[in-house]
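This report refers to the structure that appears directly beneath it.
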Amino acid sequence: MKTKNIAILTSGGDAPGMNAAIRAAVRYGIYEGLRVFGVKRGYAGLLDGDMEELSMRSVSDIVQRGGTILRTARCAEFMTKEGQERGAAFLRENGIDGLIVIGGDGTLMGAKALCECGIKAVGIPGTIDNDLAYTQYTLGFDTACNTVLDAINKLRDTMSSHDRICIVEVMGRNCGDIALMTGIGGGAEIILVPEIHVEFEQIMAELDNCRARGKYSSIIVLAEGAGYHTEELRARIAERMGGGVRATVLGHLQRGGSPSSRDRFLGTSWGVQAVRLLKNGMGGRICGIRKDCFFDMDIGEGLSMKKEFDFELYRMAEVVSNSTL
Ligand code: F6P
């Protein structure tokens with residue numbers, strides 16, 4: 001059966017670049033003669049039947065915007081088999097032959113579940129966390145890293161003026177990629193990630209080492225999943241140092257903002273790629289990129305891969321920042 005109608009949804013945490021993907025999928029879909037529908041608020045909207053047709057014009061002026069015009073949600077009901085069957089039935093009843101799902105791990109697992117209910121779904125990796133093993137980059141990671149670097153630059157100015165130590169807490173859930181990449185780019189003296197446990201005494205030894213080298217201001221990039229509570233860590237270090245320690249939790253700032261050039265390009269390319277797959281009658285696939293090459297693979301296979309932390313890169317960061325961790 002020829003694909004005629006496709007739908008797009010974004011689910012889970014939003015990520016800069018999602019709008020670029022929506023825009024490209026809508027415009028390329030229409031160019032290919034398809035009707036394209038947008039499901040609002042992710043799987044929650046699918047269960048509520050919240051869907052409308054999108055036009056060329058409806059995706060104007062969004063490529064540069066963060067967030068997602070389709071809006072998003074985290075939906076507990078869709079985690080159940082019953083919810084998934086209901087979502088699939090809604091799509092079938094509305095004549096949707098293909099679905100593009102943009103989101104992170106949980107969202108793409110939802111797409112896989114829909115495939116098991118007979119829906120042709122294609123996934124686009126959209127999360128700032130970069131925690132999907134099968135692809136080198138996810139949509140939004142680059143922009144989030146740039147946002148963090150901008151913050152680190154600003155914090156560096158004031159911290160070094162006051163000879164202070166600053167802990168910068170970054171997102172990433174259980175993945176240390178944002179911390180690692182921004183720790184490298186921001187020249188952090190210490191990078192704390194979930195994948196490597198660093199004892200408190202090691203942190204203190206490194207700060208002492210910095211002082212011995214005449215460095216009185218340091219940046220510690222702390223991933224949210226690294227096993228330290230930011231304020232507790234700040235207080236413990238301050239107690240040992242006799243004050244002069246500040247902490248900044250960047251939080252949801254990292255999720256917003258105009259997407260970087262890379263995220264606009266990834267979103268646009270994956271939007272087109274997903275439509276091509278559906279147009280060719282292919283579902284059950286996820287889009288990715290590795291070494292500058294775009295590819296697609298089986299959704300189940302991709303999602304079952306285990307993310308590996310780049311220990312070599314971490315070591316490189318240590319050497320370059322002259323750390324002894
Ligand atoms: O997965 C993206 C992410 O921003 C994580 O880095 C963070 O742990 C989580 O979402 C925050 O979720 P929420 O927006 O529901 O607070």
Side-chain angles (χ1 to χ4, degrees), residues 9-22 40-45 65-79 101-112 123-152 167-183 185-186 191-195 221-231 233 247-260 262-263 266-267 270 286 288 302-303 305-307 309:
L9 66 79
T10 50
S11 175
D14 62 318
M18 281 182 166
N19 281 330
I22 294 167
K40 311 288 178 65
R41 295 177 296 108
Y43 295 122
R65 290 181 206 275
T68 157
I69 59 156
L70 293 176
R71 314 213 305 283
T72 184
R74 301 194 193 276
C75 179
E77 196 188 342
F78 194 76
M79 310 276 266
V101 170
I102 312 173
D105 194 26
T107 297
L108 297 176
M109 288 303 269
K112 178 175 169 273
I124 292 178
T127 165
I128 63 164
D129 298 339
N130 209 42
D131 58 350
L132 294 165
Y134 79 92
T135 182
Q136 193 174 359
Y137 295 112
T138 58
L139 211 47
F141 172 66
D142 186 59
T143 307
C145 286
N146 288 334
T147 301
V148 173
L149 283 178
D150 184 46
I152 291 177
I167 301 171
V168 186
E169 187 200 288
V170 300
M171 279 186 168
R173 222 178 268 274
N174 299 315
C175 177
D177 280 20
I178 295 179
L180 177 61
M181 209 44 81
T182 59
I191 304 172
L192 300 172
V193 293
E195 295 85 350
V221 174
L222 169 64
E224 63 176 343
Y228 281 103
H229 183 277
T230 304
E231 178 49 31
L233 182 63
T248 299
V249 177
L250 295 179
H252 289 80
L253 269 179
Q254 296 159 92
R255 285 244 297 268
S258 184
S260 66
R262 181 201 283 265
D263 282 330
L266 286 178
W270 279 330
I286 31 176
L303 295 179
M305 287 167 71
K306 291 270 161 290
K307 172 96 180 164
F309 185 68

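Keep in mind that what you see is a predicted model, and the values were worked out from it rather than measured. Positions are given from 1, in the same order as the sequence printed here. Each ligand, and each atom within it, is numbered from 1 in the order the structure gives.
Listed by chain and residue number, L250 satisfy the side chain to side chain contact (heavy atoms under 4.5 Å, CB included) test with A151 (two or more places apart in sequence, or in another chain). The side chain to side chain donor-acceptor pair (under 3.5 Å) check on D142 picks up S260, with sequence neighbours excluded. With sequence neighbours left out, Y43 forms a ring pair (Phe, Tyr, Trp, His ring centres under 6.0 Å) with F78.
Judged purely by atom type and a 3.5 angstrom limit, N130 uses its side chain to pair as donor or acceptor with the backbone of T138.
The side-chain contact (heavy atoms from CB on, under 4.5 Å) with T72 is formed by just one residue from the set T107, L9, I102, D14; it is D14.
There is no side-chain donor-acceptor pair under 3.5 Å between Q254 and T147.
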Distances only, to 0.1 Å: what are the N or O pairs between ligand 1 and the protein that fall under 3.5 Å?
from     : atom 1 : to   : atom 2 : distance (Å)
ligand 1 : 1 (O)  : D129 : OD2    : 2.6
ligand 1 : 1 (O)  : R173 : NH2    : 3.2
ligand 1 : 4 (O)  : R255 : NH1    : 2.7
ligand 1 : 6 (O)  : D129 : OD1    : 2.7
ligand 1 : 6 (O)  : G172 : N      : 3.1
ligand 1 : 6 (O)  : E224 : OE2    : 3.3
ligand 1 : 8 (O)  : E224 : OE1    : 3.4
ligand 1 : 8 (O)  : E224 : OE2    : 2.6
ligand 1 : 10 (O) : R74  : NH2    : 3.3
ligand 1 : 10 (O) : R173 : NH2    : 3.4
ligand 1 : 10 (O) : R255 : NH1    : 3.1
ligand 1 : 12 (O) : R74  : NH2    : 3.0
ligand 1 : 14 (O) : H252 : NE2    : 3.0
ligand 1 : 14 (O) : R255 : NH1    : 2.9
ligand 1 : 14 (O) : R255 : NH2    : 2.9
ligand 1 : 15 (O) : R74  : NE     : 3.1
ligand 1 : 15 (O) : R74  : NH2    : 3.3
ligand 1 : 16 (O) : H252 : NE2    : 3.0

